[in-house]
S.K.: 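Encoded as structure tokens, here's the structure I'll be asking about.
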Amino acid sequence: MSEPQAAGPKPRLALLSPYGLGPDQAESTAQALASACAAGDVAAVILRLTSADERSLVALLKKLCPAAQERGAAVVVAVPDFAGDLVSVAARGGADGVHVERADDETLRDLRGRLRDGRILGAGGVLGSRDAAMLAGEAGADYLLFGGLFPDGVAPEAGEVRERAAWWAEIFETPCIAVAAQADEVAALAATGVEFVGLESALWLGDAEGVRTAQAVLDQAR
């Protein structure tokens, strides 16, 4: 009879901001980030900012990043439909990397080559097929993200997110984040073997209790 396999490390949390986060929400969001990152084992924060000029985005990041980073969480920035230099914005604003939702492998390889000093490249959210996910991994993404609200506020089907995350976690070494849009999705996502469970903003932005609840679920995982 073979020995049972040792359980892997329990997954950690990642927090996703609302889409279109802008200067008007900077102070309240920074306060919420500080509380949320203190309430659980938060590994990363994905800031989905509203598109603006580079100087404005840099200023916004300088207000938001320390709230998470001072509590041990990495910050990556996403700006959907941004035509400027996101790598430069991230570096100047003090972020730890960038996240892209829609990109071909050539774009991802270019970003990978330009992100220096260990800065993070994340991809996903709108990975419409297994092939797209594999191409993103091959292009050098440091993590893939499955699930998360679409920009119009619609959540993907929870079962599909679980299936895609379980497939990836079983086969590939590149870490992934599986995103819960509802609190009751956390346990099932943790059971897939993913390294990170993401929380949509409704689960943490207004009340850090949502992070404590999710952390309690993860503490029982594996």
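Only a predicted model underlies this, so the values are computations on that prediction, with no experimental measurement involved.
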S.K.: Do Glu157 side-chain atoms and Glu160 backbone N/O form a donor-acceptor pair below 3.5 Å?
M.R.: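 Pair found, side chain donor or acceptor close to backbone of Glu160.
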S.K.: Return the CG to CD distance between Leu64 and Gln31, rounded to the nearest 0.5 Å.
M.R.: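 Output value for this atom pair is 11.5 Å.
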S.K.: For residues Gly22 and Thr50, report the shortest heavy-atom separation together with the two atoms involved.
M.R.: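 Heavy atoms of Gly22 and Thr50 come nearest at CA-CG2, 3.8 Å.
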S.K.: Could you grab the distance from atom CH2 of Trp168 to atom OG1 of Thr174, nearest 0.5 Å is fine?
M.R.: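 Answer for the CH2-OG1 pair, Trp168 versus Thr174, is 5.5 Å.
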S.K.: Do any pairs count as a side-chain hydrogen bond (donor to acceptor under 3.5 Å, both in side chains) and have a residue in residues 64-77, sequence neighbours left out, and if so which ones?
M.R.: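 Sorted pair list: Gln69-Asp96.
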S.K.: Do Val76 and Leu47 come within less than 4.5 Å of each other through their side chains, counting heavy atoms only?
M.R.: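 No, every pair of side-chain atoms sits at 4.5 Å or beyond.
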S.K.: Closest approach of Leu115 and Ile120, non-hydrogen atoms and distance?
M.R.: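 Looking at all heavy atoms of both residues, the shortest contact is CD1-O, 3.6 Å.
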S.K.: Linking I/L/V/M/F/W/Y whenever any side-chain heavy atoms sit under 4.5 Å apart, do Phe146 and Met134 land together?
M.R.: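 Yes, Phe146 connects to Met134 through the hydrophobic network.
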S.K.: How long is the span from the CG atom in Leu205 to the CG atom in Leu33, to the nearest 0.5 Å?
M.R.: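 It is 7.5 Å, given to the nearest 0.5 Å.
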S.K.: Supply the atom-to-atom distance Gln220 CD to Leu218 CG, rounded to the nearest 0.5 angstrom.
M.R.: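 So the CD of Gln220 and the CG of Leu218 are separated by 10.0 Å.
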S.K.: Is there a side-chain contact between Ser17 and Ser201 in this structure, where contact means two heavy atoms from C-beta onward sitting under 4.5 Å apart?
M.R.: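 No - every pair of side-chain heavy atoms lies 4.5 Å or more apart.
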S.K.: Rounded to the nearest 0.5 Å, how far apart are CD of Glu138 and CG of Asp131?
M.R.: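 With rounding to 0.5 Å, CD (Glu138) is 9.5 Å from CG (Asp131).
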S.K.: Are any side-chain N or O atoms of Arg55 and backbone N or O atoms of Ala52, one a donor and one an acceptor, separated by less than 3.5 Å?
M.R.: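 Looks like no, no N/O pair under 3.5 Å.
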S.K.: Which value, rounded to the nearest 0.5 Å, describes the distance between His99 atom NE2 and Leu145 atom CG?
M.R.: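 So the gap between those two atoms works out to 5.0 Å.
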S.K.: Taking the side chain from Asp105 and the backbone from Leu135, do they hold a donor-acceptor pair closer than 3.5 Å?
M.R.: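 No, the answer is negative, given that no donor and acceptor are paired below the 3.5 Å cut-off.
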S.K.: With side chain to side chain contact (heavy atoms under 4.5 Å, CB included) as the test, would you mind laying out the steps for Val87 and Arg119 before giving the verdict?
M.R.: CA-CA 9 Å; Val87 171; Arg119 294 191 184 274; over 6 Å; no
S.K.: With sequence neighbours excluded, what pairs up with Glu200 under the side-chain hydrogen bond (donor to acceptor under 3.5 Å, both in side chains) test?
M.R.: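 If we apply the side-chain hydrogen bond (donor to acceptor under 3.5 Å, both in side chains) test to Glu200, skipping adjacent residues, the hits are Arg48.
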S.K.: Are Leu199 and Val186 side-chain neighbours, meaning at least one heavy-atom pair lies under 4.5 Å?
M.R.: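 Counting from C-beta outward, Leu199 and Val186 do come under 4.5 Å.
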S.K.: Salt bridge (Lys or Arg N to Asp or Glu O under 4.0 Å) for Arg92 and Glu54? Distances and angles first, verdict last.
M.R.: CA-CA 9 Å; Arg92 290 159 55 205; Glu54 292 190 12; 3.2 Å; yes
S.K.: Under a 3.5 Å cutoff, is there a donor and acceptor pairing between the side chains of Asp53 and Ser56?
M.R.: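 Yes, side-chain donor-acceptor contact under 3.5 Å.
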S.K.: Please determine whether the number of non-hydrogen atoms from other residues, nucleotides or ligands lying under 6.0 Å from atom CG of Asp117 exceeds 12.
M.R.: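 Atom CG in Asp117 is not packed in, count stays at 12 or less.
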S.K.: Restricting to non-hydrogen atoms, name the atom on Leu49 and the atom on Leu60 that form the minimum distance, rounded to 0.1 Å.
M.R.: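 Scanning both residues completely, I find the closest heavy atoms to be CD2-CD2, 3.9 Å.
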S.K.: Can a donor-acceptor pair be found, under 3.5 Å and without considering hydrogens, that links the side chain of Thr192 to the backbone of Leu189?
M.R.: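 Between the backbone of Leu189 and the side chain of Thr192 there is a qualifying donor-acceptor contact (under 3.5 Å).
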S.K.: How far apart are the closest heavy atoms of Gly198 and Ile177, and which atoms are they?
M.R.: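 Residues Gly198 and Ile177, closest heavy atoms: N-CG2, 3.6 Å.
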S.K.: Using atom types as modelled and distance alone, determine if a side-chain donor or acceptor of Tyr19 lies under 3.5 Å from a backbone N or O of Leu149.
M.R.: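 Looks like yes, one N/O pair under 3.5 Å.
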S.K.: Would Glu163 and Arg130 count as a salt bridge (Lys or Arg N to Asp or Glu O under 4.0 Å) here? Give the steps.
M.R.: CA-CA 11 Å; Glu163 183 276 332; Arg130 291 187 175 191; 2.3 Å; yes
S.K.: Run the numbers on Leu13 and Trp204 for side chain to side chain contact (heavy atoms under 4.5 Å, CB included), then give the verdict.
M.R.: CA-CA 11 Å; Leu13 290 169; Trp204 67 268; over 6 Å; no
S.K.: Do Lys10 and Asp41 pass the salt bridge (Lys or Arg N to Asp or Glu O under 4.0 Å) test, and can you show the C-alpha distance, the side-chain angles, and the key distance before you say yes or no?
M.R.: CA-CA 11 Å; Lys10 64 188 177 185; Asp41 181 20; over 6 Å; no
S.K.: Please answer whether the main-chain N or O of Ala32 pairs with a side-chain N or O of Ser35 as donor and acceptor at a distance below 3.5 Å.
M.R.: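 Not a single qualifying donor-acceptor pair exists.
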S.K.: Starting from the C-alpha separation in whole Å, work towards a yes-or-no answer on side chain to side chain contact (heavy atoms under 4.5 Å, CB included) for Val79 and Leu86.
M.R.: CA-CA 8 Å; Val79 189; Leu86 190 56; 3.7 Å; yes
S.K.: Indicate if Phe82 and Val75 have the same hydrophobic cluster label, given that clusters are the connected sets of ILVMFWY residues with side-chain heavy-atom separations under 4.5 angstrom.
M.R.: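 Yes, Phe82 connects to Val75 through the hydrophobic network.
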S.K.: Of all the heavy-atom pairs spanning Ala139 and Arg112, show the shortest one and how long it is.
M.R.: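 Heavy atoms of Ala139 and Arg112 come nearest at O-CB, 3.9 Å.
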S.K.: Please give me the minimum heavy-atom distance between Cys176 and Glu195, naming the atom from each residue.
M.R.: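 Taking Cys176 first and Glu195 second, the nearest heavy atoms are N-OE1, 3.0 Å.
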S.K.: Just wondering, are more than 12 heavy atoms of other shown residues or ligands nearer than 6.0 Å to CD in Glu27?
M.R.: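 Check fails, neighbour count at 12 or below.
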S.K.: Quick one: do Val58 and Leu111 end up in the same hydrophobic cluster if we chain Ile, Leu, Val, Met, Phe, Trp and Tyr together by side-chain heavy atoms under 4.5 Å apart?
M.R.: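 Yes, one cluster joins them.
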S.K.: One pair to check against side chain to side chain contact (heavy atoms under 4.5 Å, CB included): Leu121 and Val98. What are the steps and the verdict?
M.R.: CA-CA 5 Å; Leu121 173 61; Val98 304; 3.9 Å; yes
S.K.: Can you confirm whether Arg114 sits close enough to Asp85 that some side-chain heavy atom of one is under 4.5 Å from a side-chain heavy atom of the other?
M.R.: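 Yes, side chains in contact.
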S.K.: Walk me through it: do Arg212 and Glu209 pass the test salt bridge (Lys or Arg N to Asp or Glu O under 4.0 Å)?
M.R.: CA-CA 5 Å; Arg212 282 187 282 271; Glu209 185 60 32; 3.0 Å; yes
S.K.: Spell out, as yes or no, whether a donor-acceptor pair under 3.5 Å connects the side chain of Asp104 to the backbone of Thr107.
M.R.: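 Judged by distance alone, yes, a pair lies under 3.5 Å.
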